[in-house]
Amino acid sequence: MSVVTRFAPSPTGFLHIGGARTALFNYLFAKHHGGRFLLRIEDTDRKRSTDEAIQAILHGLSWLALDWDGDETYQSHNADRHREVAEQLLAEGKAYRCYCTPEELAEMREKARESGGSTRIYDGRWRDRDPAEAPAGVDPVIRIKMPLDGETTIADLVQGEVTRTNDTLDDFIILRSDGSPTYMLAVVVDDQDMGVTHAIRGDDHLNNAFRQHHLFAACGWETPVFAHIPLIHGADGAKLSKRHGALGVEAYEEMGFLPEAVCNYLLRLGWSHGDDEIISRDQAIEWFDLANVGRSPARFDMDKLSNLNAHYLKDAAPLRLAAIILADAEAAGTTVSPAAEERLVAGMPGLVSRAKNTHELYDLSKFYLSDTPITMNNKARDALDGDGAHEVLSALAERLGEATSWNEDALDGIAREFAESRDMKLGKVAQPLRAALTGSNVSPSIFEVMAVLGRDETLARLENARN
RNA sequence: GUCCCCAUCGUCUAGAGGCCUAGGACACCACCCUUUCAAGGUGGAGACACGGGUUCGAACCCCGUUGGGGACGCCA
């Protein structure tokens, strides 16, 4: 049997980080087994679904490189099919029309809570009632008949065997009074029609699994294998909710994170492979296994994500990073000369170990991006105004002008020789030099900077700093 | 309230009865490296929620307590 998984978000908000992890696990599980990973947009609630949210989900998944197989399906397009199944169930006596009003339901809810708080709300009053007694002018809903006694056990790939007595399950609605299918019905029918073999989702759906299992059975279909993964919690331990700072994946993109860092982080949240921390996509596909998914919720830790991001930044190709930085520069309205662009790429190795995200990288790279009259920060100005800095720089510039080769090692040698000849500490030479060349007191190795800048630009900045 | 799930350093986790005086990672501290800042290297502090069993032996198995989470919609 070939494995088919699906990610089924409802487009009522953005693709949040928990959803991204659910998608990741579905993707990995399918790929690990050589199966297919499908995407289904659960837009049965037409009022709350937005096109904007759909685009955000599609974009988020693409950014994370969680490519789904085939076209995405839209649940709302299958409403006729859902209705047909409901009617079929009705014809077979496995479902029935219920004429209860919202007020009656509210009463039942109240009653259930008062008399011990049972989970079973609806009392099944229309289950065996003669339809002839139906009140006029009330559009009925269709409810599925759930077993009255006994118990149901779900063999969950993550949670293990979970058993629940059937008297806690009430006859739930599968078709609304306006004829539209509910989520419960739509999920079951679509999973069946799409050939889904494994439903991997957040464990907030664990309770639904019992209901859906009986719906599958009523339809005469085999229930897919369930895997309910724990939710991601915020730093405070509570469910990561929208109002609680849960961000869409696009927010992480905007914060300067790399998609592979986000995926790696999400993968290790609740799943592990021995002591491995840095895991590539290929390794993840090879190693991923639902059996190693933990059963307890994990808290989201921005520091660890940042650390992983710093790691992947160091691994990333300079050209790719340069493109991201140039986009930042463009957004800031900065024009970058071709020469500066070259410097940026050449200087990337020295920049990248100093940044945790692409915005920091952008900030760090500004002295490469601009041409000669560069902006100076206060500390750089102080260094330049310091005792004899101008004189040191001018003497060094002269010495540099005579350099026969222009590379990091040679430059390093020249500077050391120069400092020694004047009985100065290297730092006394390097700091003013750094200030003049980068406009800052902090930068990559100043010799690397000179090598990247080239002789002309270096000398020009030195000249400029003395004026 | 009812049902379901969970419980190892601050956080993510390894651990599937003896390999555990509990390992790794992030964060934290110190030192080293060093022209600055990072990165890197070395070291340090830091956990089996509690109480009962079972067993020659329990972080691992069972029960209970406590704590946390999730679900109880004509939302998904």
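The 5' end of RNA chain B is approached more closely, in terms of each residue's nearest nucleotide, by A/D303 than by the other of A/D203 and A/D303. Of the two residues contacting RNA chain B, namely A/E161 and A/R143, the nearest-nucleotide position lying further toward the 5' end is that of A/E161.
Comparing B/U35, B/U36, B/C74 by their closest approach to the side chain of A/R354 singles out B/U36. Residue A/K314 places its side chain closer to B/G40 than to any other of B/C12, B/G40, B/A14. Side chain of A/V141, nearest nucleotide from B/G70, B/C74, B/U35: B/C74.
A/H273 and A/W287 have parallel rings, their planes meeting at less than 30° on a 0 to 90° scale where 60° marks the start of perpendicular.
Atoms CG (A/N307) and C1' (B/A39) sit 11 Å apart, rounded to a whole Å. If you measure from atom CZ of A/R295 to atom P of B/C12, you get 15 Å, rounded to the nearest angstrom. When rounded to the nearest whole Å, the span between CG of A/L185 and C1' of B/C74 equals 12 Å. Regarding A/R299, its CZ atom lies at a distance of 13 Å from the C1' atom of B/C6, rounded to whole Å. Regarding A/H311, its NE2 atom lies at a distance of 19 Å from the P atom of B/G24, rounded to whole Å. Remark: C1' of B/A71 and CD of A/Q212 are 13 Å apart, rounded to the nearest angstrom. Rounded to an integer number of Å, the gap from A/L361 CG to B/A39 P is 14 Å.
Note that A/R143 lies outside the cation-pi zone of A/F172, set by a 6.0 Å cut-off to the ring centre and a 45° limit from the axis. Both tests do not hold together for A/K314 against A/Y312: distance to the six-membered ring centre under 6.0 Å, angle to the ring axis within 45°.
To the nearest whole angstrom, the two P atoms, one in B/A45 and one in B/C56, are 37 Å apart. A gap of 11 Å separates the C1' atoms of B/C33 and B/A39, to the nearest Å. Taking atom P on both nucleotides, B/A25 is separated from B/A14 by 15 Å, rounded to a whole Å. B/C3 and B/C74 have their C1' atoms separated by 23 Å, given to the nearest Å.
Checked by atom type and distance alone, the side chain of A/D170 never pairs as donor or acceptor with a backbone atom of A/R120 at under 3.5 Å. Between the side chain of A/N26 and the backbone N or O of A/T22, at least one donor-acceptor pair lies under 3.5 Å.
Nucleic acid contact for A/G202: none, since no nucleic acid atom lies under 4.0 Å from a heavy atom of the residue. Counting any heavy atom pair closer than 4.0 Å across all strands shown, A/S272 reaches sugar-phosphate atoms only and no base atom. Within the 4.0 angstrom heavy-atom criterion, only backbone atoms of the sugar-phosphate kind lie near A/R109; the bases stay farther away.
A 3.5 Å limit on both hydrogen-bonding distances identifies B/G10 as the Watson-Crick or G-U partner of B/C26.
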